[in-house]
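In what follows, a structure is listed as structure tokens, so that the remarks can point back to it.
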Amino acid sequence: MDELDKKIISALKVNSKVSMKELGEKINLTGQAVNNRVKKLENDNIITGYTINLNQEALNCKIHVFISIYTHKISHNPYIDFINQENVFVLNNYKVIGDACYLLECRFPDKNDLNNFLERLNKYANYEVLMTL
């Protein structure tokens, strides 16, 4: 991976929907040359997918919390399955080293949604909630 590939990746991180022509203009390559480089980055598993960022405030999810997770059992699979099912509120689920097993980042529309989520979560793990201001 050279400097041009790094510039391509940086531009795609800002806007993954940018056209290859527009991206090429930004880094002084033709659209076809950029397209070929992007395909190579994909084939080499450097770029593994594209995603979107959601404006949580526009979705009315104003409550932003970090939840330290302490699983009940050695197997974390029930917790992971729960998180995969509850992905509407979950932004990130980090496996961490330290007292907790995971650090969960979530956004909720209101305190009732947060409380309902925590009640469902309690079947799989103990937790500690930190709310952002």
Side-chain angles (χ1 to χ4, degrees):
M1 191 165 74
D2 63 14
E3 288 304 313
L4 285 174
D5 289 336
K6 290 176 185 176
K7 287 180 181 179
I8 290 169
I9 289 170
S10 292
L12 289 173
K13 286 171 69 175
V14 171
N15 180 7
S16 63
K17 289 185 69 172
V18 67
S19 73
M20 294 298 117
K21 180 182 178 193
E22 187 178 340
L23 182 54
E25 289 170 359
K26 288 182 181 184
I27 61 171
N28 297 320
L29 287 177
T30 66
Q32 183 61 41
V34 170
N35 189 53
N36 291 339
R37 282 178 170 265
V38 168
K39 292 290 182 203
K40 182 169 181 358
L41 291 167
E42 290 171 347
N43 291 337
D44 291 344
N45 285 322
I46 294 170
I47 296 175
T48 58
Y50 299 86
T51 187
I52 59 171
N53 292 322
L54 299 174
N55 180 341
Q56 296 294 324
E57 298 263 340
L59 292 172
N60 200 29
C61 290
K62 295 180 170 87
I63 296 177
H64 189 190
V65 297
F66 291 88
I67 307 171
S68 296
I69 301 294
Y70 309 90
T71 57
H72 291 308
K73 299 180 180 177
I74 292 173
S75 172
H76 297 180
N77 290 336
Y79 164 76
I80 298 296
D81 291 342
F82 168 76
I83 294 303
N84 288 335
Q85 293 169 6
E86 295 282 336
N87 63 6
V88 66
F89 297 124
V90 175
L91 300 178
N92 293 295
N93 181 40
Y94 301 105
K95 188 169 177 75
V96 295
I97 296 173
D99 291 336
C101 301
Y102 296 88
L103 180 63
L104 195 56
E105 182 181 11
C106 301
R107 296 289 295 246
F108 298 93
D110 58 44
K111 291 179 184 176
N112 289 330
D113 286 315
L114 168 59
N115 190 55
N116 291 336
F117 176 83
L118 294 174
E119 286 178 1
R120 293 188 304 274
L121 172 63
N122 201 41
K123 296 175 187 170
Y124 306 98
N126 293 331
Y127 56 84
E128 180 182 351
V129 179
L130 297 169
M131 187 177 297
T132 65
L133 298 176

Roughly how far, to the nearest 0.5 Å, is the [atom2] atom of [Y] from the [atom1] atom of [X]?
| X | Y | atom1 | atom2 | answer |
| --- | --- | --- | --- | --- |
| Ile80 | Tyr102 | CD1 | OH | 3.5 Å |
| Leu121 | Glu86 | CG | CD | 8.5 Å |
| Thr30 | Asn35 | OG1 | CG | 9.5 Å |
| Ile63 | Asn115 | CD1 | CG | 10.5 Å |
| Gln32 | Lys21 | CD | NZ | 13.5 Å |
| Ile27 | Ile8 | CD1 | CD1 | 4.0 Å |

Can you give me the closest heavy-atom contact between [X] and [Y], atom names plus distance?
| X | Y | result |
| --- | --- | --- |
| Ser75 | Pro78 | O-CD, 3.7 Å |
| Cys106 | His64 | O-CD2, 3.4 Å |
| Thr71 | Ala125 | CA-CB, 3.9 Å |

Plane angle bin for Phe82 and Phe117 - parallel if under 30°, tilted between 30 and 60°, otherwise perpendicular: tilted

Could you tell me if the side chain of [Y] sits less than 4.5 Å from the side chain of [X], heavy atoms only?
| X | Y | result |
| --- | --- | --- |
| Met131 | Leu114 | yes |
| Leu41 | Leu12 | no |
| Lys40 | Asn36 | no |
| Leu103 | Ser68 | yes |
| Asp113 | Asp110 | yes |
| Glu42 | Tyr50 | yes |
| Asn84 | Asn93 | no |

Does Arg37 have any salt bridge (Lys or Arg N to Asp or Glu O under 4.0 Å) partners at least two apart in sequence or in another chain, and if so, which? Asp2, Asp5

Go through the structure and list residues passing salt bridge (Lys or Arg N to Asp or Glu O under 4.0 Å) with Glu25, not counting sequence neighbours. none

Should [X] and [Y] be regarded as members of a common hydrophobic cluster, given that ILVMFWY residues are connected when their side-chain heavy atoms come within less than 4.5 Å of each other, either directly or indirectly?
| X | Y | value |
| --- | --- | --- |
| Tyr94 | Val129 | no |
| Leu4 | Met20 | yes |
| Val65 | Leu118 | yes |
| Val34 | Val18 | yes |
| Phe66 | Val90 | no |

For the aromatic rings, using the six-membered ring if either is Trp, is the centroid distance between Tyr70 and His72 under 6.0 Å?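 Aromatic pair excluded; centres sit 6.0 Å or further apart.
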
Answer yes or no: are there more than 12 heavy-atom neighbours, outside Asn15 itself, under 6.0 Å from its atom CG? yes

Looking at Lys39, is its backbone amide N or carbonyl O close enough to the side chain of Asn43 to form a donor-acceptor pair, meaning the two atoms are under 3.5 Å apart? yes

Could you tell me whether a side-chain N or O of Asn116 sits under 3.5 Å from a main-chain N or O of Asn112, the two making a donor and an acceptor?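 At least one qualifying donor-acceptor pair exists.
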
